[in-house]
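Sequential numbering from 1 along the given sequence is applied to the chain's residues. What you see is a predicted model; the values in this text were computed from it and never measured.
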Amino acid sequence: MVHPHNEPPLNPLPPVVMALAIVIVGIEAVFSLGAYGVVGGASAVGWRLDALERFSFSAPVMQWMLGTGQFPPEHLVRFVSYPFIHGSFTHALFAGVMLLAMGKMVAEALGPVRFVAIFFASSIMGALAYGFLDTRFPLIGAFPPVYGLIGGFTYLLWLRLGQVGAQQIRAFSLIGMLLAVQLVFGLIFGGSLDWVADLAGFVTGFLLSIVLVPGGWARLLSRLRRE
């Protein structure tokens with residue numbers, strides 16, 4: 001038995017969650033240091049712009065691929081590379097903090113492989129939803145896959161509330177609050193259409209968790225057979 005005085009002050013984070021957060025914040029740290037001339041010399045000032053051009057997701061590019069039937073690898077990679085490019089250190093820091101919070105709960109409940117599946121599936125579906133919009137603003141940042149993790153957490157909470165006989169609608173309070181905050185900020189400061197990718201990420205994470213949660217696939221088949 002572990003003595004209470006020997007317990008760590010903070011619960012350890014799953015390694016896969018920590019690794020993703022380090023990559024996200026680390027890339028941004030390099031860009032920020034380069035912009036101030038701390039690393040990379042004079043050419044480092046353009047690192048962020050170069051990354052935006054090469055790895056951000058672009059709705060016109062996706063529409064061009066669909067229209068021409070051409071899918072070059074350098075454009076397909078954008079579906080999973082844009083979460084690692086941010087507009088500022090603050091942008092990356094907020095995304096990293098939310099990734100640590102949501103990722104810890106999802107990875108501990110579902111395991112590292114399912115966590116990674118939700119992260120990248122939400123990234124892809126968020127980009128797809130954004131790609132059909134009439135916008136030329138690039139999609140960047142880890143928030144669509146983070147919202148996917150929020151979707152996974154919401155489903156886990158929905159199950160737990162059902163097991164204790166509580167109102168399951170309460171599981172959606174977090175996503176409701178976040179979308180309300182986005183709406184308010186958009187009305188005050190003017191917003192982009194990134195929220196479409198965030199919402200698509202959330203829906204993807206929620207639906208994917210239905211089958212990824214232990215016993216979820218059997219539970220879904222049983223429910224479909226009853227109907």
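Between Met125 and Val203, every side-chain heavy-atom pair lies at or beyond the 4.5 Å cut-off. Put simply, the side chain of Met65 reaches to within 4.5 Å of the side chain of Pro72, judged on heavy atoms. Using a 4.5 Å heavy-atom cutoff, the side chains of Val17 and Glu108 are not in contact. Tyr82 has its side chain within reach of Pro145: a pair of non-hydrogen atoms, C-beta onward, lies under 4.5 Å apart. In this structure the side chain of Ile175 reaches within 4.5 angstrom of the side chain of Tyr147, judged on heavy atoms. You'll find the side chain of Leu174 reaches within 4.5 Å of the side chain of Met102, heavy atoms only. Side-chain contact between Tyr155 and Leu110 is absent, with no heavy-atom pair separated by less than 4.5 Å.
Relative orientation of the Phe206 and Phe172 rings is tilted, given thresholds of 30° and 60° on the angle between their planes. Ring orientation note: the planes of Phe119 and Phe115 are tilted relative to one another, at an angle of 30° to 60°.
What you find for Arg114 and Leu212 is that their closest heavy atoms are NE-O, 2.7 Å. Here the closest heavy-atom approach between residue Ala200 and residue Gly126 is recorded as CB-CA, 3.9 Å. When all heavy atoms are compared, the tightest approach of Val106 to Leu149 is CG2-O, 3.5 Å. Taking each heavy atom of Ala121 and Leu208 in turn, the nearest pair found is CB-CD2, 3.8 Å. The shortest heavy-atom contact between Leu156 and Met105 is CD1-O, 4.4 Å. Pairing each heavy atom of Ser209 with each of Gly152, the nearest pair is OG-CA, 3.1 Å.
With hydrogens and angles disregarded, a donor-acceptor distance shorter than 3.5 Å links the side chain of His86 to the backbone of Ala142. In terms of modelled atom types and a separation under 3.5 Å, the side chain of Gln168 and the main chain of Leu159 share no donor-acceptor contact. A donor-acceptor contact shorter than 3.5 Å links the side chain of Glu28 to the backbone of Phe89.
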Practice item. Please lay out, stage by stage, how Leu207 and Ile210 fare under the test side-chain contact (heavy atoms from CB on, under 4.5 Å). Key: CA-CA 5 Å; Leu207 294 178; Ile210 296 176; 4.1 Å; yes
Practice item. Start with the C-alpha gap between Val39 and Trp47, add the side-chain angles, then the distance that decides, and say whether side-chain contact (heavy atoms from CB on, under 4.5 Å) holds. Key: CA-CA 11 Å; Val39 297; Trp47 283 353; 4.0 Å; yes
Exercise for review: Apply side-chain contact (heavy atoms from CB on, under 4.5 Å) to Phe31 and Ile85, showing your working.
Suggested key: CA-CA 10 Å; Phe31 289 159; Ile85 309 298; 4.2 Å; yes
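Asp134 contributes atom CG, which lies 9.0 Å from atom CG of Leu193 (distance to the nearest 0.5 angstrom). In this structure, CH2 on Trp158 lies 14.0 Å from CD on Gln167, to the nearest 0.5 angstrom. To the nearest 0.5 Å, atoms CD (Gln63) and OG (Ser58) are separated by 8.0 Å. Expressed to the nearest 0.5 Å, how far OG of Ser56 lies from CZ of Phe137 amounts to 12.5 Å. The CD1 atom of Ile118 sits 12.0 Å away from the CD1 atom of Ile150 when rounded to the nearest 0.5 Å. For the atom pair CG of Leu179 and CG of Asp198, the computed distance is 8.0 Å after rounding to the nearest 0.5 Å.
Put simply, Val45 and Phe55 are part of two different groups of oily side chains (I, L, V, M, F, W, Y) that touch within less than 4.5 Å, one to the next. Hydrophobic clustering (ILVMFWY, side-chain heavy atoms < 4.5 Å, transitive): Val146 and Ile22 are in one cluster. Following chains of ILVMFWY side-chain contacts shorter than 4.5 Å, one can reach Leu139 starting from Leu76, so the two form part of one hydrophobic cluster. Hydrophobic clustering (side-chain heavy atoms under 4.5 Å, transitive across Ile, Leu, Val, Met, Phe, Trp, Tyr) groups Leu128 together with Leu66. Linking Ile, Leu, Val, Met, Phe, Trp and Tyr residues whenever their side-chain heavy atoms come within less than 4.5 Å places Val23 and Leu52 in a single cluster.
Qualifying ring pair (Phe, Tyr, Trp, His ring centres under 6.0 Å) partners for His75, counting only residues two or more places apart in sequence or in other chains: none.
Checked against Phe79 for a ring-ring contact (aromatic ring centres under 6.0 Å, His included), the options Phe120, Phe57, Phe71, Tyr130 give a single hit: Phe57.
Shown here is Glu74, whose CD atom has more than 12 heavy atoms of other residues, nucleotides or ligands within 6.0 Å.
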